[in-house]
Amino acid sequence: KAFRKKPAKKLFSLVNTNGFAFDVEVLRLAKKIGYKVDDMPVVWHDSSESKVGILTGPLKMIFEIMAIRLKR
């Protein structure tokens, strides 16, 4: 993720989620405000030390996204 300072301050002041759906809420807010969003390539390295559960992680994200949608 990369942000310009001014938009980042505004977006982060409005975000309510601090879990798995943080990115989803930031992108939703950026679109709503009218900020331009671009894709950037990344190199992914899987970590055997990850603490994200294969079942609990996606479930938490689903509930967080539902909460974000309800706040519209």
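Here the side chain of S50 pairs no donor or acceptor atom with the backbone of S47 at under 3.5 angstrom.
Residue K10 holds its NZ atom at 5.0 Å from OH of Y35, rounded to the nearest 0.5 Å. N16 contributes atom CG, which lies 8.0 Å from atom CG of L29 (distance to the nearest 0.5 angstrom). To the nearest 0.5 Å, atom CZ of residue R4 and atom NZ of residue K36 are 8.0 Å apart.
In the hydrophobic clustering of ILVMFWY residues, with side-chain heavy atoms under 4.5 Å counting as a link, V52 and M61 come out together. Placement of I68 and V26 in two distinct hydrophobic clusters is found when ILVMFWY residues are connected by side-chain heavy-atom separations under 4.5 Å, directly or transitively. When the side chains of ILVMFWY residues are joined at heavy-atom separations under 4.5 Å, either directly or via intervening members, V24 and F20 end up in a single hydrophobic cluster.
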**OP:** Could you please spell out the steps behind the side chain to side chain contact (heavy atoms under 4.5 Å, CB included) verdict for I33 and L11?
**Re:** CA-CA 9 Å; I33 293 170; L11 287 170; 3.9 Å; yes
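Judged as a side chain to side chain donor-acceptor pair (under 3.5 Å), and not counting sequence neighbours, the contacts of E25 are T17.
By the 30° and 60° cut-offs, the orientation of the rings of F3 relative to F12 is perpendicular.
When all heavy atoms of P58 and G53 are compared, the closest pair comes out as CD-O, 3.6 Å.
Counted within 6.0 Å of CZ on F63, heavy atoms from surrounding residues, nucleotides or ligands total 12 or fewer; the atom is thus considered open.
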